[in-house]
Amino acid sequence: MNEISMKLSQYLLKKDVVSSWSNVHSFLNQGKNSGFIYDNLFRNAMYQVGDLWEQNTITVADEHLATATCELVLAKYHMEKVSNCLNKHKIPPRALFFCVEGEEHNLGLKMAASLFEEFGWDVYDLGSNLPVDYAEYSIKKWNPEVVCISISVRHHLSKLQETLQRLEKVNPALTIIVGSRFHQEESFLSCCTPGTLIAQDATFLFEWLENYQKETGRVDKGVLL
Ligand code: B12
């Protein structure tokens, strides 16, 4: 785990929102982008909290408190970035977000949704534990261009496979991005369909969004769709 996330994990465990925020803000002032901040600060701080829990150094209650504080600081970060949107689309493309059925770990999903919003997309975040029937229903209802899914617990992998297969039938042209801490594992990769885009982290997504922006800009002679 890197040094820069250590401080943040300690602030989160102490419910110190003010120090957490000034720690995050100092990296914003250094010009770091959201991909960097989500991966190197927030994610690694939460992994650190997980490690401390595994080592029995902290309790489940401490872990819950750190998660709640992290959610608060993430929300503040989201507001700061969204008011300063990187791009204003005339007709914003739409993206839909959810965690596979049963999955309660939603911080990675929140970061992804926030990044899309930072790039000016129209974001529909349906949060954790979305039954597959409702994922199908929501795609028909909102007709997004991109669907983003998050998964963190190994025993939800079979649900991921079912979800991907069913969603591709609803709209074969849909871009589906799945983000997971399992991104390199064969058990995860074998659940993804050939068309699935696998996101290892927020930095990958940041670059994907930048490329999307350049490409749509190029197609429309600089006028974003
Ligand atoms: C906080 C936490 C919780 C919180 C979650 C709260 C919340 N709102 O998310 C609570 C307390 C609810 C919880 C519950 C459980 N947890 Co838990 N939890 C964690 C912990 C400590 C941190 C998770 C986290 O927030 N990480 C930070 C996020 C940002 O990281 P991330 O998800 O990997 O996201 C990054 C990338 O993967 C990627 N990404 C992820 N999703 C997406 C999506 C898109 C679209 C994109 C582009 C990118 C992307 O980008 C992100 C940024 O880099 C981890 C420890 C760990 N090492 O992960 C355990 C961990 C994930 N939990 C674990 C377990 C076992 C559980 C429980 C079963 C415990 C229990 N007995 O009840 C339950 C399961 C609940 C459920 N049904 O899902 C295990 C999973 C092991 C496994 N078998 O897979 C872990 C690894 C702990 C451990 N070492 O055992 N947990």
Side-chain angles (χ1 to χ4, degrees), residues 1-85 95 97-100 102-119 123-130 148-154 156 177-183 199-206 209:
M1 210 47 59
N2 63 21
E3 288 223 345
I4 50 176
S5 61
M6 292 275 238
K7 255 193 199 166
L8 181 59
S9 64
Q10 291 308 312
Y11 294 143
L12 295 177
L13 283 161
K14 284 192 270 182
K15 196 179 78 73
D16 186 345
V17 177
V18 173
S19 304
S20 299
W21 176 246
S22 74
N23 183 232
V24 170
H25 207 262
S26 68
F27 286 90
L28 262 182
N29 286 341
Q30 287 170 31
K32 301 293 186 200
N33 69 33
S34 295
F36 178 94
I37 288 177
Y38 286 140
D39 294 335
N40 294 287
L41 280 161
F42 286 108
R43 179 198 56 192
N44 288 353
M46 285 308 295
Y47 282 1
Q48 171 92 28
V49 168
D51 290 348
L52 293 173
W53 172 77
E54 258 188 83
Q55 295 155 11
N56 259 328
T57 310
I58 60 164
T59 67
V60 168
D62 298 319
E63 184 205 341
H64 284 209
L65 187 66
T67 305
T69 312
C70 186
E71 282 174 343
L72 212 62
V73 182
L74 269 177
K76 188 163 169 50
Y77 184 80
H78 169 83
M79 293 313 290
E80 173 102 0
K81 294 306 284 187
V82 168
S83 60
N84 216 341
C85 213
F97 299 77
F98 65 90
C99 296
V100 286
E103 182 64 66
E104 296 292 342
H105 299 89
N106 65 354
L107 297 189
L109 188 83
K110 280 189 182 179
M111 294 175 193
S114 198
L115 259 182
F116 271 80
E117 217 163 309
E118 196 181 309
F119 276 80
V123 163
Y124 284 68
D125 183 357
L126 309 182
S128 53
N129 183 17
L130 187 74
C148 288
I149 303 173
S150 184
I151 177 161
S152 299
V153 174
R154 203 162 269 109
H156 298 147
I177 305 178
V178 182
S180 178
R181 60 192 195 91
F182 303 130
H183 63 93
Q200 62 199 58
D201 53 23
T203 301
F204 169 94
L205 187 62
F206 191 91
L209 285 160

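Worth saying up front: this structure is predicted, and the values here are computed from it rather than measured.
The line from CD of Q48 to CG of L8 is 10.0 Å long, rounded to the nearest 0.5 Å. Note that CD1 of I37 is 8.5 Å distant from CD of Q30, once rounded to the nearest 0.5 Å. The line from NZ of K110 to SG of C99 is 9.5 Å long, rounded to the nearest 0.5 Å. For the atom pair D39 CG and Q200 CD, the distance stands at 8.5 Å (nearest 0.5 Å). With values rounded to the nearest 0.5 angstrom, D125 atom CG is found 7.5 Å from N106 atom CG. In this structure, CZ in F98 is found 12.0 Å from OG in S128, a value given to the nearest 0.5 Å.
Side-chain contact annotation: Y47 with S5, donor-acceptor N/O pair under 3.5 Å absent.
Here the side chains of Y77 and L41 are not in contact, with every heavy-atom distance at 4.5 Å or above. Using a 4.5 Å heavy-atom threshold, the side chains of S152 and E103 count as touching. Looking at F42 and L74, their side chains come closer than 4.5 Å, going by heavy atoms from C-beta outward. Between L28 and E80, some side-chain heavy-atom pair lies under the 4.5 Å cut-off. Proximity of H183 to D201: side-chain heavy atoms (C-beta onward) are nowhere separated by under 4.5 Å. No side-chain heavy atom of S114 sits under 4.5 Å from any side-chain heavy atom of K81. When side chains are defined from C-beta on, R181 does not count as touching R43, because their heavy atoms never get closer than 4.5 Å. Inter-residue side-chain proximity for F36 and I4 is flagged as met; some heavy-atom pair is nearer than 4.5 Å.
Remark: side-chain polar atoms of S9 are not paired, donor with acceptor, to backbone N or O of V49 under 3.5 angstrom.
Closest of all the heavy-atom pairs between L109 and C148 is CD1-O, 3.9 Å. When all heavy atoms of E104 and N129 are compared, the pair lying nearest together is OE2-ND2, 3.7 Å. Residues V73 and S20 share a closest heavy-atom pair of CG2-CB, 3.7 Å. Scanning both residues, L107 and C70, for their nearest heavy atoms gives CD1-SG, 4.0 Å.
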Could you list the donor-acceptor pairs under 3.5 angstrom formed between side-chain atoms of residues 59-66 and any protein atom two or more places apart in sequence or on another chain?
{"unit_1": "T59", "atom_1": "OG1", "unit_2": "A61", "atom_2": "N", "d": "3.2"}
{"unit_1": "T59", "atom_1": "OG1", "unit_2": "D62", "atom_2": "N", "d": "3.1"}
{"unit_1": "T59", "atom_1": "OG1", "unit_2": "D62", "atom_2": "OD2", "d": "3.1"}
{"unit_1": "D62", "atom_1": "OD2", "unit_2": "T59", "atom_2": "N", "d": "2.9"}

Exercise. Should L52 and L13 be marked as a side chain to side chain contact (heavy atoms under 4.5 Å, CB included) after you check the CA-CA gap, both sets of side-chain angles, and the distance that decides it?
Worked result: CA-CA 11 Å; L52 293 173; L13 283 161; 3.7 Å; yes

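Take T69 and apply the side-chain hydrogen bond (donor to acceptor under 3.5 Å, both in side chains) test, not counting sequence neighbours, and it matches no residue.
Side-chain rings of F119 and F206 approach one another, their centers coming within less than 6.0 Å.
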